Amino acid sequence: MRTTEIAIIGGGPAGLRAAISAASMGAKVTIIERNENLGGQLVKQTHMFFGSQKQYASTRGIDIAEILLKDLDKYKDRIEIMTNATVLSIFEDGVISIEQDDKYLKIKPQSVIVTTGASEKFLAFPNNDLPGIYGAGAVQTLMNVHGVAPGRSVVMVGAGNIGLIVSYQLMQAGIEVKAILDASPRIGGYLVHASKIRRMGIPILTSHTVKYAHGTDKLQKVTICQLDEKFQQIPGTERDIETDVLCISVGLSPLTELLWQAGCNMKYIPELGGHVPVRDKDLQTSIKGVYVAGDVAGVEEASSAMVEGRLAGLCAAKALGHATADFEELHNDCIEQLNSLRSGHVGEKIRKGLEQVAM
Amino acid sequence: MRIKEHPILSFSKGRKVQFTFDGKAYEGYEGEPIAAALHAAGVMVLGHSHDKQRPRGFYCAIGNCSSCLMVVNNEPNVRTCTEPLKEGMVVETQKGKGDLR
Amino acid sequence: MLEKTGVATEQDLARVTPSKERRAKGPVAVIECFQRIPCNPCQTACKTGAIKEFKDINDTPEIDHDACTGCGLCVSSCPGLSIVVVDETYSEEEALVKIPYEFLPLPEAGSFVTGLDREGKPVCRAKVVKVLNTKSMDRTPVVSLAVPKDMSMTVRFIKLNDYFSDNTIVCRCEELTMGELRELIRKGYNTVDEIKRISRAGMGPCQGRTCRQLIMQEIAAATGTKMADLTVSTYRPPVKPVKLGTIAGGEHGE
């Protein structure tokens with residue numbers, strides 16, 4: 001059976017950063033990525049990132065992916081990259097099973113860092129399965145990775161950061177955004193994103209939701225309606241919007257299947273997007289040698305995912321005996337960065353969630 | 001519909017290839033997902049659900065949801081949102097859960 | 001309310017608007033960033049120290065307008081595209097507003113576009129003075145717009161199809177353009193009748209049926225008068241074009 005020191009499951013921002021930091025400490029790392037390319041969801045983020053210089057603020061997500069790949073290349077003698085490789089399971093003895101190009105493989109790592117990210121939440125309304133109704137991430141993949149327009153016009157459900165950013169990106173691709181709806185009475189995403197959309201004349205309808213989708217073989221029209229303060233539909237407020245695309249952006253849930261299999265102690269924390277693993281300050285779960293970083297540990301921004309990845313990489317390498325003189329300094333730097341990214345008003349929810357999973 | 005110009009991105013595409021969908025000839029770029037090529041050609045309905053026969057299209061685009069299962073070169077249950085397009089592929093709408101051969 | 005609408009209120013703007021005196025001195029950055037989020041590239045980009053050092057990365061930017069030179073480095077560095085530079089010294093009647101613009105096609109210098117406010121409503125026409133798109137701006141070009149001076153704190157985006165265009169025909173019979181009409185209004189011809197006498201708009205075969213309303217709208221917009229309060233034109237006979245001979249022939253049967 002193949003072996004490695006640290007297996008990293010998922011080659012997105014958290015996984016890449018984890019690989020770079022673990023390898024920089026001297027550990028032998030294997031990245032297992034189900035896609036053909038590394039970079040995860042960064043490869044479709046055309047907007048400039050927030051944060052500070054340490055988290056590549058003001059640089060576009062697509063370019064951050066390039067920077068990470070260059071950094072990765074510096075340690076290529078210690079980093080093995082497996083693409084088109086999907087982890088199927090983590091067994092109790094720590095063995096990982098993988099499907100790669102229709103072949104079945106097993107690896108026995110000494111530690112594993114799970115950076116599987118998150119998947120998009122769905123919304124229940126009649127005809128929600130019609131072609132033309134997509135997750136916001138799918139629309140991003142289709143237009144920003146493949147260069148294909150999802151349709152002519154779009155109604156967006158969800159005014160969180162993803163909903164606002166994807167709406168802006170749709171306009172950049174020349175696709176009309178008819179309206180952005182959000183069930184909440186307040187805009188959830190950054191207000192600068194919201195203002196940037198409003199300047200283009202796109203309405204953001206807070207306290208609104210989609211009630212019904214119409215169409216026979218594909219979406220033709222949606223009925224929207226207003227919600228009261230208890231999120232109940234207000235009769236008589238229905239109106240129709242003709243559109244061939246409805247984009248759903250109502251949040252993400254951590255992709256934790258592998259952590260459940262590994263036997264990690266999990267808790268349901270709505271502030272972090274759903275079930276997440278309990279972890280210590282080194283991002284190690286209740287199972288020794290199983291670390292987490294990024295959205296799988298709690299849905300946040302990519303900036304914090306990268307810092308978490310770096311932290312998990314450092315700690316996993318140190319636990320295997322790869323200590324460097326500046327470990328404490330690097331470790332503290334990660335903790336400080338995370339604290340500052342989460343210290344604001346928007347980070348309040350995250351802080352509340354994290355308090356409940358700290359070990 | 002293909003996006004012709006973009007203020008941030010430039011799309012590097014593979015060479016043009018021919019494929020068929022339910023017997024009709026289509027064109028796409030080598031290496032792009034089959035479903036993306038179909039979508040660019042205006043094909044939104046990739047199949048029907050096996051029980052209630054409801055139309056199914058692209059939903060997640062990253063191989064999570066299996067809304068895009070089709071028969072490709074006689075092989076059923078291919079996730080066309082991630083499966084790369086190749087010259088001469090025979091793509092068909094899948095009926096039911098697909099036949100094992 | 002900003003959190004509900006995404007549009008800054010007057011109170012929000014009052015907190016970040018440079019004083020009238022400062023604006024009268026030359027270009028200055030206006031930072032419309034009102035929410036505590038973890039983000040500081042504007043501060044890092046500022047070379048003059050006008051944007052003060054953040055104590056916490058979540059601080060909203062604090063700018064010393066007097067120390068700001070209006071260089072605009074912060075404009076394309078802001079991930080939220082929330083910064084513009086306003087220069088009210090541009091000309092006697094116009095101010096320059098520099099906005100980030102990440103769309104294609106880019107407007108061409110010298111062309112006219114429609115200026116939009118924070119809700120995307122058309123508010124005036126704007127002349128594109130310059131389009132700056134250097135490598136360091138990393139695909140966030142900055143478009144300099146000349147707008148009427150009183151629009152400097154209102155125009156925040158543009159639409160390229162310029163329905164305020166100077167070349168737009170207002171009176172199709174006499175071929176009066178929007179640009180000519182504006183020039184006349186600017187010279188003080190601000191009733192439909194005055195415009196008619198000087199330009200012949202309304203004296204053609206349609207007798208004003210196509211242009212009258214457009215002229216009134218433009219006068220209303222330019223002078224800040226309500227449509228209802230404008231002086232209506234005089235309606236003289238005949239209300240329909242007739243052959244001179246018909247009239248010269250005298251009353252039938254006379």
Side-chain angles (χ1 to χ4, degrees), chain A residues 46-63 159 161 164-165 168-169 171-174 180 182 184-207 301 303-304 336-348, chain C residues 1-8 12 31-45 54-61 73-74 76-84 99-105 114-122 136-140 154-159:
Chain A
T46 51
H47 60 286
M48 291 184 265
F49 273 41
F50 289 77
S52 72
Q53 271 173 338
K54 280 184 174 171
Q55 300 102 29
Y56 314 104
S58 199
T59 304
R60 299 178 190 280
I62 39 173
D63 300 328
N161 270 344
L164 297 174
I165 288 170
Y168 183 76
Q169 293 176 354
M171 296 294 287
Q172 285 184 307
I180 302 175
D182 202 300
S184 156
R186 282 163 207 272
I187 294 166
Y190 291 168
L191 297 176
V192 281
H193 281 316
S195 300
K196 161 172 125 174
I197 302 271
R198 295 287 283 118
R199 293 201 279 274
M200 291 185 276
I202 302 169
I204 299 179
L205 307 172
T206 45
S207 299
E301 294 296 317
S303 335
S304 12
E336 268 167 37
Q337 283 189 50
L338 286 171
N339 286 343
S340 83
L341 285 172
R342 292 164 178 161
S343 66
H345 164 73
V346 193
E348 200 180 301
Chain C
M1 187 183 77
L2 177 61
E3 277 191 318
K4 221 176 152 46
T5 61
V7 178
D12 293 325
I31 307 183
E32 301 186 7
C33 175
F34 306 101
Q35 186 185 30
R36 285 175 56 78
I37 54 173
C39 188
N40 70 4
C42 58
Q43 197 273 325
T44 324
F54 285 32
K55 285 191 197 75
D56 174 337
I57 193 179
N58 291 283
D59 288 347
T60 51
L73 279 175
C74 53
S76 54
S77 80
C78 170
L81 307 185
S82 70
I83 309 178
V84 297
I99 62 158
Y101 190 78
E102 297 180 320
F103 291 84
L104 286 181
T114 304
L116 307 180
D117 67 5
R118 293 177 184 83
E119 291 175 76
K121 280 204 224 114
S136 67
M137 294 165 100
D138 188 24
R139 290 157 286 174
T140 304
T154 305
V155 172
R156 288 299 176 262
F157 202 63
I158 50 172
K159 203 172 190 149

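What you see is a predicted model, and the numbers here were worked out from it, not measured in a lab. Numbers restart at 1 for each chain; the letters A, B, ... are given by sequence-line order, proteins then strands.
- Proximity to chain A (any heavy atom under 4.5 Å) is shown, for C/L81, by both the backbone and the side chain.
- Contacts of C/C42 with chain A are absent, with no heavy-atom separation under 4.5 Å from either backbone or side chain.
- With hydrogens and angles ignored, the 3.5 Å screen pairs a side-chain donor or acceptor of A/R198 with a backbone N or O of C/T5.
- Between the side chain of C/Q35 and the main chain of A/L191, a donor-acceptor pair closer than 3.5 Å is present.
- Nearest heavy atoms, A/S340 versus C/N58: O-ND2, 2.9 Å.
- Heavy atoms only, all atoms of each residue included: C/P38 and A/F50 are closest at O-CB, 3.7 Å.
- Put simply, of A/L341, A/I204, A/I197, the one with the most heavy-atom pairs under 4.5 Å next to chain C is A/L341.
- Of the atoms belonging to C/S77, heavy atoms from both backbone and side chain fall under 4.5 Å from chain A.
- In this structure, the side chains of C/I99 and A/R199 stay at 4.5 Å or more apart for every pair of heavy atoms.
- For chain C, the nearby part of A/D63 is the side chain; its heavy atoms alone come within less than 4.5 Å.
- Contact count against chain A (heavy-atom pairs under 4.5 Å) is highest for C/D138 among C/I158, C/T44, C/D138, C/V7.
- For the atom pair CD (A/Q172) and CZ (C/R139), the distance works out to 10.5 Å, reported to the nearest 0.5 Å.
- Between A/Y190 and C/F34, the gap from one ring centroid to the other reaches at least 6.0 Å.
- Looking at C/S76, only its backbone comes within 4.5 Å of chain A, counting heavy atoms on both sides.
- Per-residue counts of heavy-atom pairs under 4.5 Å with chain C were compared for A/S58, A/A194, A/G174; the largest is that of A/S58.
- Options A/H345, A/M200, A/H193 differ in how many heavy-atom pairs under 4.5 Å they form with chain C, and the most are formed by A/M200.
- Nearest approach of C/I57 to A/G51, heavy atoms of both residues: CD1-C, 3.6 Å.
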Under the side-chain contact (heavy atoms from CB on, under 4.5 Å) rule, what do A/V192 and C/I37 come out as? Steps first, then yes or no, please.
CA-CA 10 Å; A/V192 281; C/I37 54 173; 4.2 Å; yes
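- By the salt bridge (Lys or Arg N to Asp or Glu O under 4.0 Å) test, C/K4 pairs with no residue at all, sequence neighbours left out.
- Listed here is the closest heavy atom pair of C/G6 and A/S195: O-OG, 2.9 Å.
- Contact of C/N40 with chain A is made through backbone and side chain together, with heavy-atom distances under 4.5 Å.
- The most heavy-atom pairs under 4.5 Å with chain A, out of C/Q43, C/R36, C/E3, come from C/E3.
- Using a 4.0 Å cut-off between charged side-chain N and carboxylate O, C/E102 and A/R60 make a salt bridge.
- Highest contact tally toward chain C, considering only A/G189, A/S207, A/P185, is held by A/P185 [criterion: heavy-atom pairs under 4.5 Å].
- Residue contact with chain C, scored on non-hydrogen atoms closer than 4.5 Å, is absent for A/T46.
- Top candidate by heavy-atom pairs under 4.5 Å with chain A, chosen from C/P79, C/A45, C/P41, is C/P79.
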